[in-house]
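Chain letters run A, B, ... following the sequence lines, proteins first, then strands; residues in each count from 1.
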Number of protein chains: 2
Amino acid sequence: MPLGKVLIIDEDKNSCNTLKNALEKDGYSVILSHDGDEALIKFNALKPDIILLDVVIPKTDGWQICREVRKKSNIPLIIITSKSETFDKVLGLELGADDYILKPFDIKEVMARIKAVNRRVNQSNIIETREVTYDNLVVNMSRYELRVSGKIKDAPPKELELLFYLASNPNRVYTRDQLLDEVWGFEYYGDSRTVDVHIKRLREKLDGVSEQWSIKTVWGVGYKFEFNEKFGDT
Amino acid sequence: MPLGKVLIIDEDKNSCNTLKNALEKDGYSVILSHDGDEALIKFNALKPDIILLDVVIPKTDGWQICREVRKKSNIPLIIITSKSETFDKVLGLELGADDYILKPFDIKEVMARIKAVNRRVNQSNIIETREVTYDNLVVNMSRYELRVSGKIKDAPPKELELLFYLASNPNRVYTRDQLLDEVWGFEYYGDSRTVDVHIKRLREKLDGVSEQWSIKTVWGVGYKFEFNEKFGDT
DNA sequence: TACAATATTAACGAATTATGTACAAGTTTT
DNA sequence: AAAACTTGTACATAATTCGTTAATATTGTA
């Protein structure tokens with residue numbers, strides 16, 4: 001498999017075939033799925049490299065597929081559908097789709113867009129291991145587990161997600177709005193003081209645990225997970 | 001301004017304004033360009049973080065802009081144009097555009113697509129760290145961190161932004177009004193003595209640190225960040 | 001030199017921003 | 001159905017920044 005596996009999720013067999021032919025001609029291998037439930041099973045079992053998704057499908061709907069996929073993975077996901085409302089486009093993109101193509105599509109355009117998304121993704125260092133480690137801190141999002149000095153510390157989901165997000169890009173500052181967007185999700189409309197409170201609760205749990213890292217406030221800007229690689233490797 | 005600069009290249013002032021307003025509302029700062037030659041100059045000089053490009057523009061055409069940009073940089077580039085042929089779309093994407101949006105556009109969709117592209121780019125290791133370095137001085141705006149001879153020095157946001165702005169164009173003089181415009185934002189209306197005070201506070205922190213650089217007063221004009229590449233590399 | 005224009009500095013208070021506590025609504029567990 | 005927990009909001013308090021003012025110093029020029 002030189003170019004990778006594409007999972008096509010679409011009820012319409014015509015679309016499926018057009019896409020399948022073009023993709024296989026280009027060297028991809030193709031998996032077809034005609035309803036949402038089947039799609040999720042195949043996604044989990046076969047770990048495709050790209051997903052092409054129509055949101056209008058039987059059983060589990062496309063939006064839900066989107067969410068489920070993005071919970072677990074960052075692979076390229078392109079929505080191809082006849083739902084043409086701006087609202088739907090925005091929803092799809094916000095849920096984590098990389099592109100949103102309208103039916104009827106021109107296969108050449110679709111192939112070009114797949115290529116464009118792939119180009120970006122190949123520049124990424126996607127951490128599929130949903131885990132970060134610093135010194136005595138381990139945040140594992142597959143298990144939703146926080147470990148401090150080897151011991152498991154209970155922490156609610158939101159706090160873990162927030163910590164994980166901050167720790168994924170150590171030392172980089174995020175504004176409260178960015179955090180609300182990325183951790184809470186765009187659908188969330190609320191007070192940005194909310195972030196403060198969660199930060200505070202995290203700090204309670206992580207207080208005085210390590211000299212090497214901490215959650216820092218950047219006054220007037222936001223928060224960051226600060227990590228100092230003190231002592232070089234010896 | 002944590003979000004970054006957008007360069008809009010488009011002859012049509014209506015489009016420009018719609019985009020500009022929406023982007024600024026979201027916290028981006030916007031640079032406009034109405035022809036290709038000007039666009040390239042601004043691209044090189046101002047190092048934007050995102051480019052929105054109409055390919056139908058006077059002088060150097062959009063495709064060429066695309067090529068020139070991609071020779072030097074991997075920043076997000078989105079084509080927004082009324083050229084609706086599949087051929088053009090494919091060409092644009094092949095030249096390295098991340099997305100291709102048709103006019104007339106819905107601003108909500110455009111914003112969602114910008115976000116989607118940004119999401120991908122932020123996962124890549126080519127995250128542009130907004131940083132300048134001179135001798136023993138490091139100003140890092142991604143971390144909001146000022147480092148002098150390796151040591152972190154605390155400094156409030158405004159001071160950092162001012163220093164970063166000055167240091168981004170070493171040896172170039174800025175009037176107080178220009179600085180108020182660029183650092184404080186155009187909507188700011190206040191005394192230009194304000195700049196003096198911030199300069200003073202910066203100088204306190206950076207006093208006698210290096211022979212190679214300093215913040216100089218240009219009498220009757222304004223301020224500049226002066227940098228002398230004395231000694232060649234040793 | 002003297003004078004005017006411009007720049008530096010210190011100090012103060014208003015405004016902005018962050019934190020901590022408490023509570024209520026919503027969930028999940030028992 | 002009650003209990004325990006999570007989550008978001010409100011508000012009081014604390015901390016810091018920022019802009020202004022005004023007094024002092026410096027520079028350029030007549």
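- OP1 or OP2 of C:dT8 lies within a sub-4.0 Å distance of a side-chain N or O belonging to B:Thr217.
- Between A:Arg203 and C:dT19 there is a side-chain N or O to OP1 or OP2 distance below 4.0 Å.
- For the OP1/OP2 pair of D:dT20 and a distance below 4.0 Å, the side-chain nitrogens and oxygens of B:Thr194 include at least one atom meeting the criterion.
- In this structure, B:Lys200 reaches the C:dA10 phosphate: one of its side-chain N or O atoms is under 4.0 Å from OP1 or OP2.
- When heavy atoms are screened at a 4.0 angstrom cut-off, A:Arg176 is found touching the sugar-phosphate backbone but no base atom.
- Atom CG in A:Leu160 sits roughly 14 Å away from atom C1' in D:dT7 (whole-Å rounding).
- What separates CG of A:Leu202 from C1' of C:dT19 is a distance of 15 Å, to the nearest Å.
- In this structure, of D:dA10, C:dT6, C:dT16, it is C:dT16 that holds the atom nearest to the side chain of A:Trp219.
- At the phosphate of D:dT21, neither OP1 nor OP2 sits under 4.0 Å from any side-chain N or O atom of B:Arg193.
- Rounded to an integer number of Å, the gap from B:Asp196 CG to D:dT26 C1' is 13 Å.
- Distances shorter than 4.0 Å separate none of the side-chain N or O atoms of A:His198 from OP1 or OP2 on D:dT7.
- Atoms CG and CG, on B:Asp49 and B:Asn118 in that order, are 8.5 Å from each other to the nearest 0.5 Å.
- No donor-acceptor contact under 3.5 Å links the side chain of A:Arg201 to the base of C:dG20.
- In this entry the distance linking CD of B:Glu204 with P of C:dA10 reads 7 Å, nearest Å.
- C:dT19 atom P lies 13 Å from atom CG of A:Asp207, rounded to whole Å.
- Taking the six-membered ring wherever Trp is involved, the centroid distance between the rings of B:Tyr165 and B:Phe225 does not fall below 6.0 Å.
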For this session: Step by step, work out the side-chain contact (heavy atoms from CB on, under 4.5 Å) result for A:Asp88 and A:Thr81.
Result: CA-CA 10 Å; A:Asp88 294 311; A:Thr81 188; over 6 Å; no
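- Atom pair A:Asp154:CG and C:dT29:C1' shows a separation of 14 Å (rounding to whole Å applied).
- Residue B:Tyr223 places at least one side-chain N or O under 4.0 Å from the OP1 or OP2 atom of C:dT8.
- Counting only heavy atoms from C-beta outward, the side chains of A:Arg176 and A:Tyr223 approach each other to under 4.5 Å.
- Across all strands, A:Val195 comes closer than 4.0 Å to no nucleic acid atom at all (heavy-atom distances).
- Salt bridge annotation for B:Lys205-B:Glu159: present, with a cationic side-chain nitrogen under 4.0 angstrom from a carboxylate oxygen.
- Put simply, CG on A:Leu163 is 14 Å from P on D:dT7, counting in whole angstrom units.
- The separation between A:Ile199 atom CD1 and C:dT21 atom P is 17 Å, rounded to whole Å.
- Using a 4.0 Å cut-off, some side-chain N or O of B:Trp184 falls inside it from OP1 or OP2 of D:dG19.
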